[in-house]
S.K.: 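Got a structure for you, written out below as structure tokens; questions coming shortly.
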Amino acid sequence: MDWMLSAGDNPWYQLATRFGLRVLAALLLLFIGLRVARMVGNWIARKLARSELDATTSMFLGRVILVAAQIVVLLAVIQTLGVPTTSLLAVLGAAGLAIGLAMKDSLSNIASGVLLVTLKPFRVHDQVTINGITGRVESISIFQTRLRGADNQLITLPNSLITTDSIINLTPGTVRRIELVVGIGYGDDIDKARAIALELMQADPRVQHDPAPEVHVCLLGANSVDLSIICHVGNDDYGALRYALIEGIKKAFDRAGISFPFPQREVRIIGAAASGIADSKNPSSSQ
């Protein structure tokens, strides 16, 4: 007991005790603060999801609020350790400028993420084509956007790449146009081929009647008369109907006797022709 009383007068003991209590308080604040920040972020995200905001905006804002709350907790922990926050913020500001220059690509992704949420060129669950990649949007975060491809692969795109490239939104529920170019022979009946193609499209319930299907002669080619076969379909049925039309047109034209001409080339051997003329003028040479 006397040792503890004598140790209490030791300045090193007092310093260690005071610093140890601060570290303990900081660790406790960090543990509780991060849990509370996550709970608050999830609660706000759920509230935003129930509001009139779309899922993309609510998800993005929920993550931004979570990151901001975590930063506030870290600043509180640093202040609990006794580090002056004013001088620390000045140092962080100077360091932030240097880090910002070094991480300009990452900051560009953040700015692009804000633009994607603000301008809303697409939303979560939309079918899009970006930079030649097609997939369904799974999430839009601060730095990157994730797509789920047709063969179930996960595609991650930086936000800066998305905003600097063309975006084709193939949102489910929209109407898309199918155009097939089919060549028939010059000796085939154009009106008959047009009637067969129109009947095939009108018989399929997936084809939209407004605008109505169309068949036009689009080109008089070197080997064929090219027909442009056009119809409109819902986005969900686009791929299946396109394949079905290609197969159906082939079978229907075969039954009707309409040909699909192959590319043809006429080859003349000039040397052989000249030799043949010379032999015909000099019969003795062939004996």
S.K.: In sequence, state the C-alpha distance, the side-chain angles, and the governing distance for Ile162 and Ile167, and then conclude on side chain to side chain contact (heavy atoms under 4.5 Å, CB included).
M.R.: CA-CA 7 Å; Ile162 298 174; Ile167 301 173; 3.7 Å; yes
S.K.: How long is the straight-line distance from CD of Glu179 back to NE2 of His232, given to the nearest 0.5 Å?
M.R.: 9.5 Å
S.K.: What closest approach, in Å, do Ala240 and Arg206 show between heavy atoms, and which atom pair accounts for it?
M.R.: CB-NH1, 3.8 Å
S.K.: Going through the checks in order, is the side chain to side chain contact (heavy atoms under 4.5 Å, CB included) test met by Ile190 and Ile184?
M.R.: CA-CA 8 Å; Ile190 295 176; Ile184 63 175; 4.3 Å; yes
S.K.: Evaluate the criterion side-chain hydrogen bond (donor to acceptor under 3.5 Å, both in side chains) for residue pair Ser228 and Asp226; output intermediate values, then yes/no.
M.R.: CA-CA 7 Å; Ser228 177; Asp226 292 343; over 6 Å; no
S.K.: Between Arg146 and Glu138, is the closest basic N to carboxylate O distance under 4.0 Å?
M.R.: no
S.K.: Is a salt bridge present between Lys250 and Asp254, judged by a nitrogen-to-oxygen distance below 4.0 Å?
M.R.: yes
S.K.: Could you tell me which non-hydrogen atom of Pro261 sits nearest to which non-hydrogen atom of Gly185, and how far apart they are?
M.R.: CD-N, 3.5 Å
S.K.: Is there a path from Leu180 to Tyr243 through hydrophobic residues (I, L, V, M, F, W, Y) whose side chains come within less than 4.5 Å of each other?
M.R.: no
S.K.: What closest approach, in Å, do Gln208 and Pro213 show between heavy atoms, and which atom pair accounts for it?
M.R.: O-CD, 4.0 Å
S.K.: Any chance you could measure Lys120, atom NZ, to Leu115, atom CG, to the nearest 0.5 Å?
M.R.: 13.5 Å
S.K.: Under the criterion side chain to side chain contact (heavy atoms under 4.5 Å, CB included), I'd like the reasoning laid out for Ile230 against Arg177: C-alpha separation, chi angles, the key distance, then a yes or no.
M.R.: CA-CA 7 Å; Ile230 302 171; Arg177 166 175 159 155; 3.4 Å; yes
